[in-house]
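First up is the structure itself, then whatever we jot down about it.
All values below were derived from every heavy atom in this structure, side-chain atoms included, with hydrogens, water molecules and symmetry-related copies excluded.
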Amino acid sequence: MNTRFLWRSPSNKPRWIILLLLGVLAALATIATAAYFKSALAKLAVGIAQTASPTLSVDVRADRHSISPDIYGMNDFAIDPALAKELRIPVERWGANHTSRYNWLVDSSNVGDDFFFVGGGDNKNPIPGDSTDKIVKTNRNNGSKSIVTIPMIGYVNKFSTWNCGFRVSKYGAQEKTNPYIFPEGDKCGNGKRPDGTLITNNNRLDVSIVSNPDFQKAWVQHLVKTHATAAKGGVQIYQMDNEPSGWGNTHRDVHPEPTSYDELRDRTFQYASMVKATDPTAKILGPSDFGWPVYVDSGVKGDREKHGGVWFARWYLQQMRAYEQQKGVRILDYFDEHYYPLVDDLCLANCPAGDAKTQAARLRSTRSLWDSTYTDESWIGKSNPPLTIIPRFREWVKQDYPGTKVAITEYNWGGLESMNGALTQAEILGIFGREQLDLATLWGPPKSSEPGAYAFRTYMNYDGKGSKYGETWVRSQSTDLGQLSIYGAQRTQDGALTLVIINKTSKNLTSNLSLKGFNPGAKAQVYTYSEANLRAIVRQSDLSVSAAGFQATYPANSITLVGIPKAKA
């Protein structure tokens, strides 16, 4: 039968049979299609749930504690004067390797192994203490406290004019030499013979002179006479040298021996007590060592075992406490260590932003400052418990020398020229406040125009009119800190609630925030720093906030400050 004729006549029964079959097929297709879409929607819902934005919560009545203003400090080395003046950086530190050899009488230093053991300069008529006096004066004008390093190494630079510890003319050919020619056509070497072995027969007094507490006392007296005591606005904090466990490397021309437990204790006793006797209102900061290996041990073979197996940093604290118990004078006010992040095969600290892998590791590694669930991604983490640097330091102080403040006067996560570095720096400043660090100074500060500077502005001048993040920490949490972190504080001046919210992902995140213990007033002000404009923190539309909270969208890779006014009585 030719089926094409079945559609011509309504009386043809075969047409109805086919229509019935087609209807059944259509119904089955509809059911199948519905099932497919139901399955697809279910899968989509699961996907949305897996990538949903974190929720945020703030309880203004919980976990309240003060946030030290001194956590926003910077090191004087390479600081942008415009940024220091604009932000009125609370603390500026004059420190680093060269300060271990500073001779205030000839106003010059020796940089040691950082650059061919070169010292001095072009100054043929030095003014005693001139360069540090200028720094202290500038800091005072900017409203900044000064940290000044007191050399304890035992030797300081001899000359105000160029010199170096391993002249080729005296010690022969060397592995590397300074590319610049010094007077008399001579060159400065790196203190290693061409085969890489160290030159050990050098004369320590070639370009250095002996320094002792009396020599440094005259300098502290000069600082007090020139700038007044700490209580009256002079130098507020004195640091007991810089990274003393590194002397045997950086300054091996005058101190080739590793620094032992006993040497560091004895020198600190001598120099810190001298400072306290000269200016009782000043604070002392130390030991300011360079990292995890010397928190644990001195590097002198068998030294830790001779001291009961106690870690070097903890033993130091215990000895400072013993001094106060015996003498009735506290000679350590800040327990200070330096900390730079490490991730195997990647360069973070003092390095450019790097590739995507490096940038992700930079953000992730801030967890080493506090997170007990984070395993350090370097050789340190393979054989040690979670670092939890700030809680660990605070616990040491609690057990070994109560009342001592905690500081980190050198840290740097790198990438400050990039948005990734700005995100990381904003995260670090938030962590410092939450974890109750007392003082911090960034090494290698950003230029005023660089993204890293805007991380500081978020906390210290977010509207360009001097408005700041609050001074009292309040409980603030995120369900996923890897995507969206939050740092909350209440401002003393007007009672406003200030929230720094950091989106560390490459997509916009819309998140709900639940609020407790705070009665909001007018609409919240919102300021955002993002890749949309790397030269400004941009004010957004005001945000409606209820007593229960609010919903907001945070741009990809951004730092947002939400300022919520307190309702008037």
Side-chain angles (χ1 to χ4, degrees), residues 47-60 353 356 359-360 362-364 366-367 415 418-431 433-434 451-464 467-470 473-489 496-516 518 520 523-546 548-565:
I48 291 173
Q50 290 175 342
T51 59
S53 297
T55 57
L56 307 175
S57 61
V58 175
D59 187 343
V60 177
Q359 293 186 30
R362 176 173 288 112
L363 283 167
R364 198 167 56 240
T366 61
R367 293 168 59 191
S418 70
M419 191 66 213
N420 176 253
L423 295 172
T424 306
Q425 185 62 47
E427 185 89 355
I428 290 166
L429 295 177
I431 291 169
R434 185 189 65 205
Y454 288 91
F456 281 88
R457 288 188 175 101
T458 298
Y459 289 89
M460 302 176 72
N461 186 22
Y462 60 81
D463 61 356
S467 294
K468 297 181 179 182
Y469 177 71
W473 170 264
V474 299
R475 179 183 292 173
S476 39
Q477 299 173 323
S478 167
T479 56
D480 189 346
L481 290 170
Q483 294 190 68
L484 199 64
S485 54
I486 180 170
Y487 300 95
L497 176 63
T498 54
L499 308 174
V500 172
I501 300 164
I502 305 169
N503 182 351
K504 292 171 273 190
T505 74
S506 58
K507 56 189 177 183
N508 296 348
L509 295 176
T510 300
S511 178
N512 292 316
L513 183 147
S514 64
L515 181 62
K516 292 182 180 180
F518 186 79
K523 289 185 177 182
Q525 294 182 355
V526 181
Y527 293 83
T528 298
Y529 183 69
S530 71
E531 292 174 313
N533 187 345
L534 293 177
R535 291 302 181 100
I537 297 175
V538 179
R539 183 169 180 176
Q540 310 297 323
S541 299
D542 287 355
L543 180 68
S544 295
V545 179
S546 73
F550 60 86
Q551 184 184 82
T553 298
Y554 307 99
N557 296 312
S558 67
I559 307 166
T560 297
L561 186 137
V562 179
I564 309 174

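Between Leu515 and Leu497 the shortest side-chain heavy-atom distance falls below 4.5 Å. By the 4.5 Å heavy-atom criterion applied to side chains, Phe518 and Val545 are not counted as neighbours. Looking only at side-chain heavy atoms (C-beta outward), Pro451 and Tyr529 come within less than 4.5 Å of each other. Looking at Asp59 and Val474, their side chains never come closer than 4.5 Å, going by heavy atoms from C-beta outward.
To the nearest 0.5 Å, atoms NZ (Lys516) and OG (Ser57) are separated by 8.0 Å. With rounding to the nearest 0.5 angstrom, the CD1 atom of Ile559 is 6.0 Å from the CD1 atom of Ile502. Going from atom OG of Ser418 over to atom CZ of Arg362 covers 6.0 Å, rounded to the nearest 0.5 Å. Within the model, atoms CG of Asn557 and CD of Glu531 stand 4.5 Å from one another, a figure rounded to the nearest 0.5 Å. Atom OG1 of residue Thr458 and atom CD1 of residue Ile501 lie 12.0 Å apart, to the nearest 0.5 angstrom.
Listed for the Tyr454 side chain is no donor-acceptor partner under 3.5 Å among the backbone atoms of Ser530. Between the side chain of Thr366 and the backbone N or O of Ile428, no donor-acceptor pair lies under 3.5 Å. Judged by distance alone, with hydrogens and angles left aside, the side-chain atoms of Ser53 form a donor-acceptor pair with the main-chain N or O of Thr510 at under 3.5 Å. Between the side chain of Ser478 and the backbone N or O of Ile486 there is no donor-acceptor pair closer than 3.5 Å. One N or O on the side chain of Lys504 and one on the backbone of Leu481 form a donor-acceptor pair closer than 3.5 Å.
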Query raised in the report: Which is it for Leu56 and Leu499 under the side chain to side chain contact (heavy atoms under 4.5 Å, CB included) test, yes or no, and what are the steps along the way?
Result: CA-CA 11 Å; Leu56 307 175; Leu499 308 174; over 6 Å; no
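Looking at residues two or more places apart in sequence or on another chain, you find a ring pair (Phe, Tyr, Trp, His ring centres under 6.0 Å) between Tyr527 and Tyr462.
The two residues Gly470 and Thr498 make their nearest non-hydrogen contact at N-OG1, 2.9 Å. The two residues Leu429 and Ala455 make their nearest non-hydrogen contact at CD1-O, 4.0 Å. Of all non-hydrogen atoms in Leu509 and Pro54, the two that sit nearest each other are CD1-CD, 4.4 Å. Nearest heavy atoms, Ser506 versus Ala556: C-CB, 3.3 Å.
Looking at Tyr487 and Glu427, their side chains do bring a donor and an acceptor atom within 3.5 Å of each other. Defined by atom type and a distance below 3.5 Å, a donor-acceptor pair is present between the side-chain atoms of Thr505 and Asn503.
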Output side-chain donor-acceptor pairs under 3.5 Å for residues 536-544, partner residues at least two apart or in another chain, one line each.
residue: Arg539; atom: NH2; partner: Asp542; partner atom: OD1; Å: 3.0
residue: Gln540; atom: NE2; partner: Val538; partner atom: O; Å: 3.1

